[in-house]
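Keep in mind the model is a prediction, meaning the values are calculated, not measured.
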Amino acid sequence: MRTFTYTRVRSVPEAVTAFATSTDDRPHYLSGGTTLVDLMKLDIEAPGQVIDLTDVTDLDFVREEDGDLVIGALTRMSDVANHPLVGARCPALADSLLSGASQQLRNMARVGGNLLQRTRCDYFRSVEFPCNKRRPGSGCAAIGGVNRQHAILGTSEHCIAVYPGDWAVALTAFDANLAVVGPSGTRSISIHDLIVPPGDTPHRETTLTPGEFITTIRVPMTPTARSSSYRKVGDRSSYSFALASAAVGLHLDAGGTVDEVRIALGGLGTVPWRLWDAERALTGGRLDDATVRAALEPEFRSACTTRQNAFRVRLGVETVLEAVASAQERVG
C-alpha cells in the first residue's frame with residue numbers, strides 16, 4: 001500500500017473543495033472505510049489523497065419528510081437498521097441491513113458508502129489475475145474460471161462479477177432517489193441509474209462523476225413498503241454474501257388481490273435486479289406459489305449460466321417465494 005495524504009473534513013462544501021483542489025490525480029472519499037481500506041491493502045485502490053467524510057455530521061440522520069423516509073448517507077448501517085421509523089415504514093430496508101454485515105461492520109459502515117462497495121469477485125481482488133474491472137482490456141479470468149458465485153443476469157463478454165450488496169437491492173425495490181453533490185453542484189438520481197451493468201466498460205461501475213458523493217437517500221413510503229421483506233440465502237447461516245436474495249413489497253386489497261407488488265433480486269446480477277415484468281404479471285391476481293413461479297420464469301430466460309452456477313436460477317425463484325410469504329405476513 002503506497003503512502004497517501006489524509007484530509008479530514010467537517011462539512012459538505014469542505015469535502016467538495018478538498019476534492020476539487022486536490023493535487024493528486026486519484027483522490028478518494030472515505031466514509032466508514034470498511035471497503036476502501038481492504039482494497040488499498042490489496043493494491044487495488046491506490047489514492048494519493050484520502051478525504052475522510054466521517055465528521056460531516058449533517059449527513060447523519062433518519063427522518064420523515066413529506067411522507068418519504070429520508071436518510072443521511074453518513075448514517076451508520078446499525079443506526080438505520082435499528083431505527084423505529086425504518087422498521088415500521090419499510091421493514092425490508094432494516095432486514096437488508098441486518099443481513100448485509102456483521103454487527104461490528106454495521107457499527108462502522110455508512111449507508112451511502114455501502115451502495116458503492118465493489119465486487120467481491122476473487123479474480124478482481126487478486127492482482128495476479130486478469131480483470132477488466134481492475135485493468136480494462138486485460139480480460140476476465142472468471143469467465144471459464146471458478147464462477148459458482150458469479151452473476152447470471154446482466155453479464156457481458158467482458159465481466160460476470162456480481163454486485164455484492166443487500167441495501168441497494170432493497171432500495172431498488174422501492175424506487176429510492178439519491179441526492180449527490182460534487183464540484184459541478186448537486187443533482188438527484190434514481191437508484192436504478194446509480195449502478196451500471198458491465199457492458200463494454202466494466203471498470204465504470206456507477207454514474208457518479210469524479211468528485212461526486214451521495215448525501216441523502218429518499219424512499220417513498222408507499223403501502224408496499226410497509227408490507228415488505230428481505231430474504232437472503234448464502235453458503236452459511238452466519239454473515240456471508242448472497243447466492244441469492246430478494247426484496248419484496250406487497251399491497252393487497254380487502255379480497256386478497258394484488259394491488260401492487262415490488263420485487264428486486266440480489267446476488268444474481270451484475271447490478272441489483274428489478275423484476276418489472278413479474279410485477280406486472282402478478283398485479284391484479286391472487287398470490288400462490290404456482291402463480292409466482294409462472295411470473296418469475298420469463299425473468300430468467302436471459303440468464304447466462306455455467307455448469308457451476310446454473311443451480312442459482314432455481315435458488316432465485318425459491319428466495320423470492322420466501323420473501324413473498326414473509327411480506328404477506330406483514331400485510332396489515
- Item | Candidate list L59, V181, V180, test side-chain contact (heavy atoms from CB on, under 4.5 Å), partner I214, passing option | V180

- Task: Report yes or no: do E322 and T319 form a side-chain donor-acceptor pair below 3.5 Å?
- Result: no

- Using a cut-off of 6.0 Å, state whether more than 12 heavy atoms not belonging to D66 lie near its atom CG. no

- Does a donor on one side chain sit under 3.5 Å from an acceptor on the other, for T283 and E260? no

- Heavy-atom side-chain contact between L93 and L69 under 4.5 Å: yes

- Task: Might you confirm whether atom CD of Q104 has over 12 heavy atoms from other residues, nucleotides or ligands at distances under 6.0 Å?
- Result: no

- From Q49 atom CD to Y6 atom OH, the distance as rounded to the nearest 0.5 Å: 11.5 Å

- Task: Would you confirm whether E297, through its side chain, and A294, through its main-chain N or O, come within 3.5 Å as a donor-acceptor pair?
- Result: no

- Query: Is V292 close to L287 at the side-chain level, that is, under 4.5 Å between some pair of heavy atoms?
  - Reply: yes

- Item | NZ/NE/NH1/NH2 to OD/OE distance under 4.0 Å, R148 and D235 | yes

- Going by heavy atoms in the side chains, are D166 and K232 under 4.5 Å from each other? yes

- Item | Spacing of CZ belonging to R330 relative to CZ belonging to R226, to within rounding of 0.5 Å | 14.5 Å

- Pairwise distance CG(L115) to CD1(I195) - rounded to 0.5 angstrom: 6.5 Å

- Just by distance, do the side chain of W167 and the backbone of V111 share a donor-acceptor pair under 3.5 Å? yes

- Message: With side-chain contact (heavy atoms from CB on, under 4.5 Å) as the criterion, how do L39 and R118 come out once you've worked through the C-alpha distance, each side chain's angles and the decisive distance to 0.1 Å?
- Response: CA-CA 9 Å; L39 294 178; R118 305 192 71 184; 3.8 Å; yes

- Query: Do you know which of H28, R134, R26 makes side-chain contact (heavy atoms from CB on, under 4.5 Å) with E45?
  - Reply: H28

- Should the heavy atoms of other residues, nucleotides or ligands under 6.0 Å from CZ of R293 be counted, would the total exceed 12? yes

- With side chains defined as the heavy atoms from C-beta onward, is the minimum distance between D95 and S229 less than 4.5 Å? yes

- Message: Quiz question: by atom type and distance under 3.5 Å, do the side chains of S326 and R231 form a donor-acceptor pair?
- Response: yes

- Task: Any chance you could measure L53, atom CG, to F213, atom CZ, to the nearest 0.5 Å?
- Result: 5.5 Å

- Message: Could you tell me if T35 and Q117 have a donor-acceptor pair between their side chains, going purely by distance under 3.5 Å?
- Response: no

- Query: Between the side chains of T306 and N147, does any donor sit under 3.5 Å from an acceptor?
  - Reply: yes

- Any side-chain heavy atom of T305 within less than 4.5 Å of one from V313? yes

- Are any of the side-chain heavy atoms of L296 and L275 separated by less than 4.5 Å? yes

- Distance col, row T54:OG1 vs R110:CZ, nearest 0.5 angstrom, shows 5.5 Å

- Query: Any side-chain heavy-atom pair from V169 and T172 closer than 4.5 angstrom?
  - Reply: no

- Task: Any chance you could lay out the side-chain contact (heavy atoms from CB on, under 4.5 Å) test for R106 and R76, step after step, and finish with the verdict?
- Result: CA-CA 7 Å; R106 291 198 301 271; R76 289 176 175 83; over 6 Å; no

- Task: Assess the side chains of S22 and D24: does a donor N or O sit below 3.5 Å from an acceptor N or O?
- Result: no

- Task: With the side chain counted from C-beta on, respond yes when F124 and I44 share a heavy-atom pair under 4.5 Å apart, and no when they do not.
- Result: yes

- Message: Within the supplied structure, the quantity of interest is the number of heavy atoms (other residues, nucleotides, ligands) at a distance under 6.0 Å from R187 CZ; does it exceed 12?
- Response: yes

- Query: Any chance the side chains of S190 and D193 put a donor and an acceptor closer than 3.5 Å?
  - Reply: no

- Which class fits the ring pair Y123 and H150: parallel under 30°, tilted 30 to 60°, perpendicular over 60°? tilted

- D122 CG: over 12 foreign heavy atoms closer than 6.0 Å: no

- Side-chain H-bond candidate by donor/acceptor type, S99 with Y230, under 3.5 Å: no

